Amino acid sequence: MEKEMIKISFAVNPDYKIEVEKGLTILEIVAQKAPKLYKLILAAKANGKGIGLGDRVEEDSLIQIFTGADEEGLHALRHTASHIMAQAVQRLFPDTKLAIGPAIANGFYYDLDSAHVFTPDDLTAIETEMAKIVEEDIPLVHEILPRDKALELFSGLGAIYKVELINELPEDMPISIYRQGDFIDLCAGPHVSSTGKVKAFKLQSLAGAYWRGDEKNKMLQRIYGTAFAKKTELDAYLKLLEEAAARDHRKLGRELDLFSLQDEGPGFPFFHPHGMVIRNEIEKLWRELHFAFGYDEIKTPVILSRDLWIQSGHWEHYRNNMYFTEIDEAPYAIKPMNCPGCILVYRAHHHSYRELPIRMCEMGLVHRHELSGALHGLMRVRAFTQDDAHIFMLPGQIKDEIKKVIELFDKVYSVYGLKYHAELSTKPEKAMGDDAIWEVATEALREAMEEYGLKYKVNPGDGAFYGPKIDFHLEDSLGRTWQCGTIQLDMQMPEKFDLTYIGEDGQKHRPVMIHRALYGSMERFIGILIEHYAGAFPLWMAPVQVKILPITDRQTEYAQKLKEALFKEKIRVTVDERNEKIGYKIREAQVQKIPYMLVIGDKEMEEGKVAVRKRKEGDLGAQDFANFLTAIKNEIAEKA
RNA sequence: GCUGGCGUAGCUCAACCGGUAGAGCAGCUGACUUGUAAUCAGCAGGUUGGGGGUUCAAGUCCUCUCGCCAGCUCCA
């Protein structure tokens, strides 16, 4: 059954204009304007499909939603495109062996094993061959073969990867294959009816990928591509990608002078003055809310004795990611996590059951030796500050405490208007503690989420080595998700460190410990924020909040007076005194995404006014300086 | 770490098949005193990421190394 793909264009698109409130997400707009579609999108989102759903509406960007009724049809189309690509590759490079080639969120890929090393030029040649296959309009034929027949078929073709896959399927299972002309693939489908249906496609990139995702296996060559039902949709998607690249935090970080990465310290970011303003502002918000939620702040050392890490189990389970050093010939380690430090604070004196829960938070700088190839701007670094906290509590307090943590997370994320999804990660292979304890801990997390009403998906085997966890994932500009917040229930550390509290009965008891981080890492979170706001930070966290632009040097003195007045109110303000035309100064302030510009000419100076220009709205005209000051102070306080 | 690609001035990019590095923006200096997204002129800026090699000659070819990018693996 053929279905049409739903496409909606918002914003400045000549053929479809729609008025929306500022700051709404696409989802919110759709919920208002198209309630039926909204339901379909929610369904698509629950399955992890669709793109750009959490994106904010920018003033002049074309934003589209590729989802809805026909998500399945698009999936089939891309899956077929992947087969067409494989067929094209085999025509051009007959010795190529096929591994797997699925449709994915925004396109498709195929993993190939070939003596030939594919180059970007090959991609063009493959695209040309694909176009021929589309032109030939070859029907796709679905067949179900008995297992032995299928094995015989693929062995005959020398398709070793397909044979390996079949051999792992249940013995009595019939095998589903698809044929298009002389091309045969092991495949469950579904597909579109013929290659002619794939009207718009593009091969995007080459990459390596381990066979079956295991680094012990051979590395295959992966070709990524995408396909759409119509050329216009493909073009719109490619345009979207270009726009996303423009908000890459690495690019904006340099342009807005927020941070840098230097060859002298790979993975160790340098925060510049403007980046630090943002960092300090979000830390300030963090402190306010944590104190309101009953946390106490601590700070623990970065270097601690190796014995501590042996006791905590990090030596055994995490050594490969740790940096070591020596002090007076004794072995020490740089902390990769904050828990042991916090535990030492807890253990510094006795605790009564009356004190619990004890919530200790810490902006903890940790170092981890990440693989060089994994480093990525601020998102993946080797030194980062976790906004950590450890909560020690009675076993009976677990559920309520976790609910409270979720509430705090929700509150903070909503200040930034960030969309997130939660995942529950269970016991990994390399884990401490026995199954029963893990079971209890995992259930506690599960119940807390369900009672709070937090939707989540399960990640089997993805927990930390000391306990299960709930992860909060945020999206970057390209829709890649990054784990930020985490709540980990730790039922091993209290044991390892013999943590106790004195109960009502006067006896020692074992507290339960939660390890949690909300931003996850300050670095990663700032990276996410840069992309989320596309560098146009809200007033309250903008590095420079107001820039005063005198038109000539006759206004310099007045400009300085205004600056002093704003500075006194703790507003971040600069004056552009350079001898340049006003258009030039405005342009520069605009490029720097400064929220407010005050244009000062003779007129304003004589009347004690300022001509206010807003980053997004443009010229707002002249107003009394006093009024402006009141308004901006309110806006900052509201964190709007 | 693995596979592939890339590395030229602070930034964005040029330099045919090896012939000895060039532009715009930014910076500095000067002129202009300017009304809502780039005023004009001049100056300065690079051992082409680093080491080694091939060659009469290397930004260009080979090699080692460092870093970056995409993906894999891993993870906040």
Side-chain angles (χ1 to χ4, degrees), chain A residues 109 111 117-120 122 204-224 248 250-251 254-255 257 260-267 318 320-321 336-338 364 366 368-388 425 462 464 469 471-474 478 480 482-486 488 516-525 527-528 549-556 578-592 597-604 611-615 618-622:
Chain A
Y109 68 79
D111 283 348
V117 176
F118 295 105
T119 65
D122 291 330
Q204 291 167 296
S205 61
L206 286 159
Y210 299 108
W211 167 234
R212 322 210 68 178
D214 188 334
E215 60 182 330
K216 290 183 200 79
N217 288 340
K218 179 165 185 178
M219 183 160 270
L220 308 172
Q221 301 185 66
R222 175 173 295 180
I223 301 178
Y224 282 96
D248 188 310
R250 292 166 297 188
K251 184 174 153 70
R254 188 178 51 242
E255 288 172 358
D257 197 20
S260 64
L261 288 156
Q262 317 269 354
D263 285 2
E264 288 80 357
Y318 208 71
N320 289 343
N321 284 307
M337 296 184 193
N338 302 302
V366 298
R368 298 181 183 175
H369 182 74
E370 300 295 343
L371 295 176
S372 58
L375 301 179
H376 183 99
L378 288 182
M379 302 296 202
R380 192 71 184 284
V381 293
R382 284 177 173 158
F384 57 101
T385 300
Q386 289 186 309
D387 64 315
D388 226 334
S425 296
D462 233 20
K469 59 179 184 176
D471 291 331
F472 293 78
H473 296 251
L474 303 174
L478 283 175
R480 292 178 291 212
W482 296 90
Q483 184 189 317
C484 288
T486 182
Q488 311 183 351
R516 42 111 293 180
L518 193 165
Y519 292 141
S521 106
M522 297 303 289
E523 288 73 10
R524 177 176 291 181
F525 193 77
I528 294 279
L549 311 178
I551 290 174
T552 72
D553 47 22
R554 283 193 302 278
Q555 296 90 32
T556 307
R578 291 174 309 170
N579 184 8
E580 294 290 352
K581 287 174 84 171
I582 193 65
Y584 181 87
K585 294 185 184 182
I586 287 172
R587 183 189 147 77
E588 196 169 274
Q590 201 74 44
V591 167
Q592 289 297 308
M597 285 157 245
L598 299 182
V599 177
I600 311 295
D602 287 337
K603 243 177 9 196
E604 287 76 17
V612 179
R613 185 189 163 96
K614 242 180 145 172
R615 173 174 64 194
D619 190 0
L620 299 183

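Just the heavy atoms: all of them, side chains too, but no hydrogens, waters or symmetry mates, feed the values below. Each chain gets a letter, A, B and so on, in the order its sequence line appears, and its residues count up from 1. Because the structure is a prediction, the values reported are computed rather than measured.
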Is A:Arg368 touching bases, backbone alone, or none of the nucleic acid, heavy atoms closer than 4.0 Å? base
In whole angstrom, what separates A:His376's NE2 from B:G1's P? 18 Å
Run through A:Arg380, A:His376, A:Arg382 and flag the one making a side-chain hydrogen bond (donor to acceptor under 3.5 Å, both in side chains) with A:Glu370. A:Arg380
Is there a donor and acceptor pair, one atom on the side chain of A:Tyr210 and one on the base of B:G1, closer than 3.5 Å? yes
Taking pairing as Watson-Crick or G-U wobble with both contacts under 3.5 Å, can you name the mate of B:G10, or confirm there isn't one? B:C25
Scan A:Val381 against the nucleic acid and name what it touches under 4.0 Å (heavy atoms): base, sugar-phosphate only, or nothing. base
Could you let me know what B:C16 is paired to, Watson-Crick or G-U wobble, both distances under 3.5 Å, or none if it's on its own? none
Would you classify A:Gln590 as touching base, sugar-phosphate or nothing, given that sugar-phosphate means primed atoms plus P, OP1 and OP2, and contacts are heavy atoms under 4.0 Å? base
Within the 4.0 Å heavy-atom criterion, would you say A:Ile582 contacts the bases, only the backbone, or no part of the nucleic acid? sugar-phosphate
Where the side chain of A:Tyr584 is defined as all heavy atoms beyond and including C-beta, which of B:A38, B:G35, B:G67 is the nearest nucleotide? B:A38
Does the structure show a Watson-Crick or G-U wobble partner for B:C40, both distances under 3.5 Å? Name it, or say none. B:G30
For B:C2, which nucleotide is its Watson-Crick or G-U wobble mate, given both distances must be under 3.5 Å? B:G71
Test for a donor-acceptor pair under 3.5 Å between the base of B:G35 and the side chain of A:Glu604, counting only N and O atoms. yes
How do A:Leu220 and A:Gln488 order along RNA chain B: which one's closest nucleotide is nearer the 5' end? A:Leu220
Tell me: CD1 of A:Ile586 to P of B:A37, nearest whole Å? 6 Å
With sugar-phosphate meaning primed atoms plus P, OP1 and OP2, does A:Asp471 contact a base, only sugar-phosphate, or nothing at under 4.0 Å between heavy atoms? nothing
With both distances under 3.5 angstrom, what nucleotide forms a Watson-Crick or G-U wobble pair with B:A57? none
Interatomic distance, A:Lys218 NZ vs B:U73 P [rounded to whole Å]: 18 Å
How many whole angstroms separate atom CZ of A:Arg250 from atom P of B:C69? 5 Å
Rounded off to whole Å, could you give me the CE-to-C1' distance for the A:Met597 and B:G35 pair? 14 Å
